[in-house]
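Just so it is clear: chains get the letters A, B, ... in the order the sequence lines come, proteins before strands, and each one is counted from 1.
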There are 2 protein chains.
Amino acid sequence: MSLSPSRVPAAPALHPFVPAPVPSATRGRVACTLALRHAGRRDAHIDWELLGAEGLPVLLVAGGISADRHVAAGAAFDAAGWWDAQVGEGKALDPRRVRVLAIDWLGADGTLDAPIDPADQADAIARVLDALGIAALEGFIGASYGAMVGLQFAARHPRRLRRLCAISGTHRAHPYASAWRALQRQAVALGALQCDEADGLALARQLALLSYRTPEEFDARFAPAEVVAGRVRVGAEDYLRHCGAKYVARTSPTAFLRLSESIDLQRLDPAGVRVAVDVVAVAEDRLVPVADARALAAALPDARLHVLHSHYGHDAFLKEDDAISRVLADFLSTCRRTEIAA
Amino acid sequence: MSLSPSRVPAAPALHPFVPAPVPSATRGRVACTLALRHAGRRDAHIDWELLGAEGLPVLLVAGGISADRHVAAGAAFDAAGWWDAQVGEGKALDPRRVRVLAIDWLGADGTLDAPIDPADQADAIARVLDALGIAALEGFIGASYGAMVGLQFAARHPRRLRRLCAISGTHRAHPYASAWRALQRQAVALGALQCDEADGLALARQLALLSYRTPEEFDARFAPAEVVAGRVRVGAEDYLRHCGAKYVARTSPTAFLRLSESIDLQRLDPAGVRVAVDVVAVAEDRLVPVADARALAAALPDARLHVLHSHYGHDAFLKEDDAISRVLADFLSTCRRTEIAA
């Protein structure tokens, strides 16, 4: 787990860095029994992917409820990853310098139809670390739901984590955001009534998307409404429908319902987190108000707060590549300083 | 139409004002043929209610798409009105001093299944004025959709209106708010697929409600989520479901769809409005951004801008009784000054 300056330069080198080749990513599944907070003991499995050379410090990377273990495209698994902008050769998280571990969320395949607490996800990650023989993570970088799980991991497994970067996710679900998600779940239920969960899930995804973005983005992007064949069609409608359909094709309604619920179960006392945390918030986030991030940073024993501005709101971590790269680079350099200071 | 100082004191009297008794409200229906902007000539009807003594200056009062002609309870029609807080004896709009005219929106009964432009509503109001022999309105006080229609009325019928008060509604539908409404209409369509429009409409109403309110209100009001019988139940869920069911009981799905669409058709050049306008905005409004109100006020030839703060957001006109009363009192006093100056 040590992170020596020769492998991870603390500052940009004057001469080109000559890295080792990126080894193939590996994938696997951990089967285990978990004591779920609200559903008792359950047999479960967690699928993981690990990218980067053996011996490098390990970072756990986790995104929103629709993110998965495939963070970045690579030689072994060349499909696009959900965070290709940040993970890859020459990117903020370079697998020649760090190992990137990620999981498919507990429940992501729809086979676990029970309330899943973010704390359960944190425990599931600990089981994956056990299975992989990883004593501790150098860092946990979580965005959205991943930030919530990261906070739970830091609170529950403090000796297994050096530093947390929590982007656009906090110690609680805001009651307004919870209401928004509850209505998404109602949409799925409405579809299920007619044995057509796809339409319900597509609507739910569109509603979620609205909460991820901002009026500023929509104003810059979409035209005013028009009348088409006797109906009013608004500018964003085709885009939203397309996103809804794409989501339905790759998502189990049960997985959506249980992971959406899981966000609403987030509850944690920041005072109990004994790990250093970078709290990253976006001022325009309509789902996770910046006030909650401020409250989190104020209540954590050891925290730094970064407030970004983005007209992508909650989705900034997926869209503001440069700003997020800078946040991650700063986070990594702090990990290194911690290491050197230790 | 004249408004003499003896009938409407310009300042609070030192001695109690002794008013005439409030005459009964009257109701009626105007049948007419309208040239709808997007649907051609159509036979239509507009139901109206008029409260206050003959000879007093007439104010048109209009609220959101779910508001109707029954603004306030009175002797003739004693059911609660949608703006009892502002209209009534001793209230900001006192029917002993002004006559209050209001309509059921064109399409509100669900019999007009066609695109309805806010301009069509303005023309419908002009037909009601014709039928009632009212040459001009002393004022038009519109909130939400009513403000949009008020702007159209001012643009299309400037000689029939002295002054407009446009609360929480502007010259355009914001593309983000339009997307939000389009998804509400999708919810109705999803319900209709299974011949159960009620569930779809109930979900649509709940989604609308979220857009009318703010995270600050929900945070102050609702508890964190709980697990109940294996499902996650969020704090606002019972409240929202109750509101949805109440709405379904009194609303035709077709009316909702057509009036929701109508909001999205709002488009008007403020430079063409030759009537003085009080633009009233709420900083926390998530549906009508205060930036749009500022743009409207800046583009209108003769406007004043008032920005209120309220954790009720778009619904402030229904909830912030004192602040709205002050806005209305100021509006009326300006109407009077205009009269005196003329």
>> If I measure from the heavy atoms of chain A, does B:R181 come under 4.5 Å with its side chain, its backbone, both, or neither?
In response: neither
>> Quick check for you: to the nearest 0.5 Å, what is the distance between A:L190 atom CG and B:L190 atom CG?
In response: 4.0 Å
>> Using a 4.5 Å heavy-atom cutoff, which residues in residues 212-229 of chain A come close to chain B?
In response: A:R213, A:T214, A:P215, A:F218, A:D219, A:F222, A:P224, A:A225, A:V227
>> Could you measure the distance from the CD atom of B:E237 to the CD atom of A:Q186? Nearest 0.5 Å is fine.
In response: 6.5 Å
> Using a cut-off of under 4.5 Å for heavy-atom pairs, which of B:Y239, B:Y176, B:W180 has the most such pairs with chain A?
Replying inline: B:Y176
> Step by step, would you call B:V232 with A:H38 a side-chain contact (heavy atoms from CB on, under 4.5 Å)?
Replying inline: CA-CA 10 Å; B:V232 171; A:H38 311 280; over 6 Å; no
> Pick from A:D117, A:D264, A:D113, A:L240: which one has the most heavy-atom pairs with chain B under 4.5 Å?
Replying inline: A:D264
> Side chain, backbone, both or neither: which part of B:R286 has a non-hydrogen atom closer than 4.5 Å to chain A?
Replying inline: both
> What distance do B:L210 atom CG and A:L207 atom CG have between them, rounded to the nearest 0.5 Å?
Replying inline: 9.5 Å
> Could you state the interatomic distance from CZ (A:R258) to CZ (B:R231), rounded to the nearest 0.5 Å?
Replying inline: 3.5 Å
> With a 4.5 angstrom heavy-atom cut-off, which part of B:A179 approaches chain A: side chain, backbone, both or neither?
Replying inline: both
> For A:R172, is it the side chain, the backbone, both, or neither that has a heavy atom closer than 4.5 Å to a heavy atom of chain B?
Replying inline: side chain
>> For the interface with chain B, which of A:S260, A:A114, A:A187, A:S178 has the highest count of heavy-atom pairs at distances below 4.5 Å?
In response: A:S178
> What option among A:A202, A:A182, A:P289 has the most heavy-atom pairs under 4.5 Å with chain B?
Replying inline: A:A182
